[in-house]
Amino acid sequence: MKNHLVLLVACGLACVVSPALAKDANMPVKPLTMSETFAEKHPSPGFSDEQLERVHAIKVKYDDITDARDLELQRLYRQIFEGLNQQNLDKANLTSLQNKINSLEATAANDDLQMMIDLHDVLTPEQRTNLRRETLQQEAIEGGVGPAPMGRTMMQMCAPQPMAH
């Protein structure tokens, strides 16, 4: 949920900032309207049917893993909160709960990396080149260097496109 919010804010910022980066400041820029569809704002990377099936399978696999882990993390955080609100703190139990949380969060980070690697393996060399270019453009707009722009761009590329009505 948090990643979706970050993606939404980043896309909104890119839509506001990108006209300001036009080569010619006098060049007219078409303002974005709410009536434009997601597909019009974000052209498809041209996935084949086979690639779409592979991306879908990867996302389902990791959604199942992360959903179960997120429930466990909620349970553990709730137990810590409850433990901190007792008259007598059980420090050993609280430390044990925190160690479990740390382990699950480390596993989550490793799973996120593996998912990105799996999604990267679906791309053709041309799509990888386009991803690199898009990443560099995103960095130029938003600033900063590192995994966050690539992660957002990869997720944007792999996000299901809304159906046209």
Side-chain angles (χ1 to χ4, degrees), residues 1-15 37-39 41-139 141-163:
M1 180 70 146
K2 184 172 34 173
N3 291 339
H4 295 291
L5 182 59
V6 170
L7 176 61
L8 182 61
V9 170
C11 288
L13 180 62
C15 291
T37 66
F38 180 87
K41 292 180 206 172
H42 306 282
S44 169
F47 287 134
S48 69
D49 288 347
E50 188 259 338
Q51 284 178 306
L52 291 172
E53 291 295 336
R54 288 176 61 194
V55 167
H56 174 73
I58 290 167
K59 293 193 64 67
V60 166
K61 172 186 171 185
Y62 286 98
D63 282 349
D64 287 347
I65 291 169
T66 58
D67 288 350
R69 185 176 42 242
D70 289 348
L71 285 174
E72 179 65 9
L73 282 167
Q74 286 177 353
R75 187 181 69 78
L76 292 169
Y77 277 115
R78 190 171 44 251
Q79 287 179 358
I80 284 181
F81 179 77
E82 290 297 323
L84 289 169
N85 286 304
Q86 301 298 318
Q87 284 292 338
N88 299 314
L89 291 181
D90 183 350
K91 294 176 186 174
N93 183 49
L94 291 171
T95 301
S96 173
L97 291 169
Q98 185 61 53
N99 287 336
K100 290 177 186 176
I101 288 171
N102 294 345
S103 176
L104 284 171
E105 288 179 344
T107 300
N110 291 333
D111 287 345
D112 288 347
L113 175 61
Q114 187 59 52
M115 181 183 75
M116 298 305 262
I117 291 168
D118 292 349
L119 290 170
H120 185 268
D121 290 344
V122 171
L123 303 176
T124 65
E126 180 183 5
Q127 288 167 329
R128 289 180 186 143
T129 300
N130 292 341
L131 173 63
R132 174 70 178 158
R133 179 169 175 70
E134 211 174 301
T135 300
L136 293 173
Q137 287 176 336
Q138 200 69 17
E139 287 175 359
I141 292 169
E142 294 183 13
V145 177
M150 180 180 172
R152 283 193 301 273
T153 303
M154 176 72 83
M155 295 309 289
Q156 287 170 350
M157 285 186 67
C158 298
Q161 301 295 315
M163 302 286 290

**Asked** How many angstroms lie between atom CD of Gln79 and atom NZ of Lys100, to the nearest 0.5 angstrom?
**Response** 7.0 Å
**Request:** Given side-chain contact (heavy atoms from CB on, under 4.5 Å), test Leu119 with Val55 step by step and report yes or no.
**Result:** CA-CA 6 Å; Leu119 290 170; Val55 167; 4.0 Å; yes
**Request:** Ignoring hydrogens and angles, tell me if any N or O in the side chain of Ser96 forms a donor-acceptor pair with the backbone of Ala92 under 3.5 Å.
**Result:** no
**Message:** Set out, in order, the CA-CA distance, both residues' side-chain angles and the distance that settles side-chain contact (heavy atoms from CB on, under 4.5 Å) for Asn102 and Gln98, then state yes or no.
**Reply:** CA-CA 6 Å; Asn102 294 345; Gln98 185 61 53; 2.8 Å; yes
**Request:** Name all pairs fulfilling the side-chain hydrogen bond (donor to acceptor under 3.5 Å, both in side chains) condition that reach into residues 84-95, sequence neighbours left out, sorted by first residue then second.
**Result:** none
**Prompt:** Can you tell if the side chain of Asp118 reaches within under 4.5 Å of the side chain of Val122, non-hydrogen atoms only?
**Reply:** no
**Asked** When rounded to the nearest 0.5 angstrom, what distance separates CZ in Phe47 from OG1 in Thr124?
**Response** 9.0 Å
**Item:** Within 6.0 angstrom of Arg132 CZ, more than 12 heavy atoms from elsewhere
**Value:** no
**Message:** side-chain contact (heavy atoms from CB on, under 4.5 Å), that's the test. Do Ile101 and Ile80 meet it? Break it down for me.
**Reply:** CA-CA 10 Å; Ile101 288 171; Ile80 284 181; 3.5 Å; yes
**Prompt:** Roughly how far, to the nearest 0.5 Å, is CG of Asn99 from CG of Leu104?
**Reply:** 11.0 Å
**Prompt:** How many angstroms lie between atom CG of Asp70 and atom CD1 of Ile65, to the nearest 0.5 angstrom?
**Reply:** 11.5 Å
**Message:** What I'd like to find out is whether the side chain of Glu139 reaches to under 4.5 Å of the side chain of Leu136, using heavy atoms alone.
**Reply:** yes
**Message:** What's the separation between atom CG in Leu131 and atom CD in Glu134, rounded to the nearest 0.5 Å?
**Reply:** 7.0 Å
**Prompt:** Could Arg69 and Asp111 be called an ion pair, given the rule that one side-chain N must be under 4.0 Å from one carboxylate O?
**Reply:** yes
**Fill in**
Residues at least two apart in sequence or cross-chain that pass side-chain hydrogen bond (donor to acceptor under 3.5 Å, both in side chains) with Glu72, listed by chain then number, are Arg75
**Request:** Answer whether the closest heavy-atom distance between the side chains of Gln114 and Tyr62 falls below 4.5 Å.
**Result:** yes
**Prompt:** Got a second to check how far Asp63's CG is from Ile58's CD1, nearest 0.5 Å?
**Reply:** 11.5 Å
**Message:** Is there a side-chain contact (heavy atoms from CB on, under 4.5 Å) between Tyr77 and Leu97? Walk through the geometry before answering.
**Reply:** CA-CA 8 Å; Tyr77 277 115; Leu97 291 169; over 6 Å; no
**Asked** Can you check whether Ser48's main-chain N or O pairs, donor with acceptor, with Gln51's side chain at less than 3.5 Å?
**Response** yes
**Message:** Under 4.0 Å between a side-chain nitrogen and a carboxylate oxygen: does that hold for Arg78 and Glu82?
**Reply:** no
**Request:** Might you confirm whether atom CG of Asp49 has over 12 heavy atoms from other residues, nucleotides or ligands at distances under 6.0 Å?
**Result:** no
**Message:** Counting C-beta onward and ignoring hydrogens, is there a side-chain heavy-atom pair between Thr135 and Gln138 closer than 4.5 Å?
**Reply:** no
